[in-house]
A.B. asks: 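To start, I am sharing the structure in question, which I have written as structure tokens.
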There are 2 protein chains.
Amino acid sequence: MNALFKALSHPVRRRIIEMLRKGPMASGDIAAAFDMSWPTITGHLNALKEAGLVSPERDGASIRYRLEISAVEEALAFLMAMTGTGQREDDREDRS
Amino acid sequence: MNALFKALSHPVRRRIIEMLRKGPMASGDIAAAFDMSWPTITGHLNALKEAGLVSPERDGASIRYRLEISAVEEALAFLMAMTGTGQREDDREDRS
DNA sequence: AGACTAATTAGGAATATTCCTAAATTCAAG
DNA sequence: CTTGAATTTAGGAATATTCCTAATTAGTCT
């Protein structure tokens, strides 16, 4: 859970996640979309992988990264637990 | 949005948020719940305040911090946009 | 195998985060 | 207005993050 939110805490990593929503992408294509060195992007991809947010799979010469929606949903569940969406019946005020 | 996810990226800050779900708490009471110095907790409260996640209000001798649910919902909206919950009609596959 | 392409690892500098103790601030109440 | 309690600010050490360039690995293709 900690690695997850830590991964989400960097703008470049969030943008990578956004890019991958449309489908898996090669490491090089992701790197090309940023004004940063490829190794730097590899580092961010590693952070996302550690967090379970993406998974790599080889595709011929290149490696494609796929977004793991389930990990995003974990973070979502945590936040929903605080907006009251996941609130227990007993805790509610509007009890009749 | 960046300050928001950055604020959420530290376990102590997430735990503070969880504590405040039950209602506003004094800075000292929050600090007492952790095995850390009070100034350290003040620092975390400042980060949460910068992110709009909490707001301080004086209550006699002490200062109570209140959770700002709307800020949590911002983060929630961002994540929902990637799980497909906020997906546009045109993007869906199960179109009939 | 050898050359080429895709991607990662290594090493290191700059910067940011986290946490501490000590000092300052702010307010309440005698 | 002084004392005391609640809280924040200041300053600084230890650690972590972010980013770079150079070197390396892994895989493709002739």
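Residue numbers start from 1 in every chain, and the chains themselves are labelled A, B, ... in the order their sequence lines are given, proteins ahead of strands. For the numbers below, each heavy atom of this structure counts, side chains included, while hydrogens, waters and symmetry mates do not.
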A.B. asks: Would you indicate what A:Gly43 reaches in the nucleic acid, counting non-hydrogen atoms under 4.0 angstrom: base, sugar-phosphate, or nothing?
C.D. replies: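 Answer is nothing: A:Gly43 stays at 4.0 Å or more from every strand.
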
A.B. asks: Taking 4.0 Å as the cut-off, does a side-chain nitrogen or oxygen of B:His44 come that near to OP1 or OP2 on C:dT17?
C.D. replies: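 No, because none of the side-chain N or O atoms of B:His44 sits under 4.0 Å from OP1 or OP2 of C:dT17.
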
A.B. asks: Nearest to the side chain of B:Arg58, which nucleotide is it out of D:dT7, C:dT26, C:dA7?
C.D. replies: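 For the B:Arg58 side chain, the nearest candidate turns out to be C:dT26.
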
A.B. asks: Check the pair A:Met25, A:Met19 against side chain to side chain contact (heavy atoms under 4.5 Å, CB included), reporting the backbone distance first and the verdict last.
C.D. replies: CA-CA 8 Å; A:Met25 276 181 80; A:Met19 290 173 63; 3.4 Å; yes

A.B. asks: Check every strand shown and say whether B:Ser37 touches a base, only sugar-phosphate, or nothing at a heavy-atom separation below 4.0 Å.
C.D. replies: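 Base, at least one base heavy atom under 4.0 Å.
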
A.B. asks: Using the rule side-chain contact (heavy atoms from CB on, under 4.5 Å), only one of B:Leu20, B:Asn46, B:Ile30 pairs with B:Val54; which is it?
C.D. replies: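 With B:Val54 as partner, side-chain contact (heavy atoms from CB on, under 4.5 Å) holds for just one option, B:Leu20.
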
A.B. asks: Do A:Val12 and A:Met36 come within less than 4.5 Å of each other through their side chains, counting heavy atoms only?
C.D. replies: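 The answer is yes, as the side chains (C-beta and beyond) meet within the 4.5 Å cut-off.
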
A.B. asks: Quick check for you: among C:dC19, D:dT18, D:dA6, whose closest atom lies nearest to any side-chain atom of B:Trp38?
C.D. replies: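 Looking only at heavy atoms from C-beta outward on B:Trp38, the closest nucleotide is D:dA6.
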
A.B. asks: In whole Å, I'd like the distance from the CG atom of A:Asp59 to the C1' atom of C:dA6.
C.D. replies: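 One finds 12 Å between C1' of C:dA6 and CG of A:Asp59, rounded.
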
A.B. asks: When you match A:Arg13 and B:Lys49 each to their closest nucleotide on DNA chain D, which lands nearer the 5' end?
C.D. replies: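 Residue closer to the 5' terminus by nearest nucleotide: B:Lys49.
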
A.B. asks: Which comes earlier along DNA chain C counting from the 5' end, the contact point of A:Thr42 or that of B:His10, where each point is its nearest nucleotide?
C.D. replies: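 On the 5' side of the pair lies A:Thr42.
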
A.B. asks: Are any non-hydrogen side-chain atoms of B:Leu67 and B:Leu48 less than 4.5 angstrom apart?
C.D. replies: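 Counting from C-beta outward, B:Leu67 and B:Leu48 never come under 4.5 Å.
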
A.B. asks: Using a 4.0 Å heavy-atom cut-off across all strands, classify A:Tyr65 as base, sugar-phosphate, or nothing.
C.D. replies: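 If one applies the 4.0 Å heavy-atom cut-off, A:Tyr65 turns out to touch the sugar-phosphate alone, with no base involved.
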
A.B. asks: A:Met36 has a side chain; which of D:dC20, D:dT7, C:dT21 sits nearest to it?
C.D. replies: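 The answer is D:dC20, which lies nearest to the side chain.
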
A.B. asks: Measure from CG on A:Leu48 to P on D:dT18 and round the result to the nearest Å.
C.D. replies: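 Interatomic distance, CG of A:Leu48 to P of D:dT18: 11 Å.
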
A.B. asks: Nearest whole Å is fine: how far is C:dA16 C1' from B:Asn2 CG?
C.D. replies: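 Those two atoms, CG and C1', are 13 Å apart.
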
A.B. asks: Regarding B:Lys6, tell me which of base, sugar-phosphate or nothing describes its non-hydrogen contacts under 4.0 Å with the strands shown.
C.D. replies: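 Sugar-phosphate: the residue B:Lys6, judged by heavy atoms under 4.0 Å, touches backbone atoms but no base.
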
A.B. asks: Distance check needed: D:dT9 C1' versus B:Leu45 CG, whole Å only.
C.D. replies: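 The distance from CG of B:Leu45 to C1' of D:dT9 comes to 14 Å, rounded to the nearest Å.
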
A.B. asks: Using whole Å, report how far CD1 of B:Ile16 lies from P of C:dT18.
C.D. replies: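 The distance from CD1 of B:Ile16 to P of C:dT18 comes to 12 Å, rounded to the nearest Å.
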
A.B. asks: Which nucleotide in the set D:dA16, D:dA6, D:dT9 lies at the smallest distance from any side-chain heavy atom of B:Pro39?
C.D. replies: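 Nearest to the side-chain atoms of B:Pro39, counting from C-beta on, is D:dT9.
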
A.B. asks: Send over the distance from B:Glu50 CD to D:dT8 C1', rounded to a whole Å.
C.D. replies: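 Between C1' of D:dT8 and CD of B:Glu50: 14 Å.
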
A.B. asks: Could you check which of D:dT18, D:dA6, C:dA7 has an atom nearest any side-chain atom of A:Ser62?
C.D. replies: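 The nucleotide sitting nearest to the side chain is C:dA7.
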
A.B. asks: Starting at atom CG of A:Asp29, determine the distance to atom P of C:dT5, rounded to an integer number of angstrom.
C.D. replies: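 Rounded to the whole Å, the gap is 16 Å.
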
A.B. asks: Using only side-chain N and O atoms of B:Thr40, determine if any of them is under 4.0 Å from OP1 or OP2 of C:dT18.
C.D. replies: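 No.
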
A.B. asks: Look at the side-chain N and O atoms of B:Asn46 and state whether any lies under 4.0 Å from the OP1 or OP2 oxygen of D:dT7.
C.D. replies: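 Indeed not, no polar side-chain atom of B:Asn46 lies that close.
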
A.B. asks: Please confirm whether the backbone N or O of A:Gly60 pairs with a side-chain atom of A:Arg58, one donor and one acceptor, at under 3.5 Å?
C.D. replies: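 Checked: pair present.
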
A.B. asks: State which of C:dC19, D:dC19, D:dT7 makes the closest approach to the side chain of B:Ile63.
C.D. replies: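 The nucleotide sitting nearest to the side chain is D:dT7.
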
A.B. asks: Could you tell me whether A:Ala31 contacts a base, only the sugar-phosphate backbone, or nothing, with contacts defined as non-hydrogen atoms closer than 4.0 Å?
C.D. replies: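 Here A:Ala31 touches no strand at all.
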
A.B. asks: Whole angstroms only, please: what is the CD1-P distance between B:Ile41 and D:dA6?
C.D. replies: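 Between P of D:dA6 and CD1 of B:Ile41: 16 Å.
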
A.B. asks: Aromatic rings A:Phe78 and A:Phe5: how do their planes relate, parallel, tilted or perpendicular, breaks at 30° and 60°?
C.D. replies: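 The arrangement is perpendicular - the two ring planes meet at more than 60°.
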
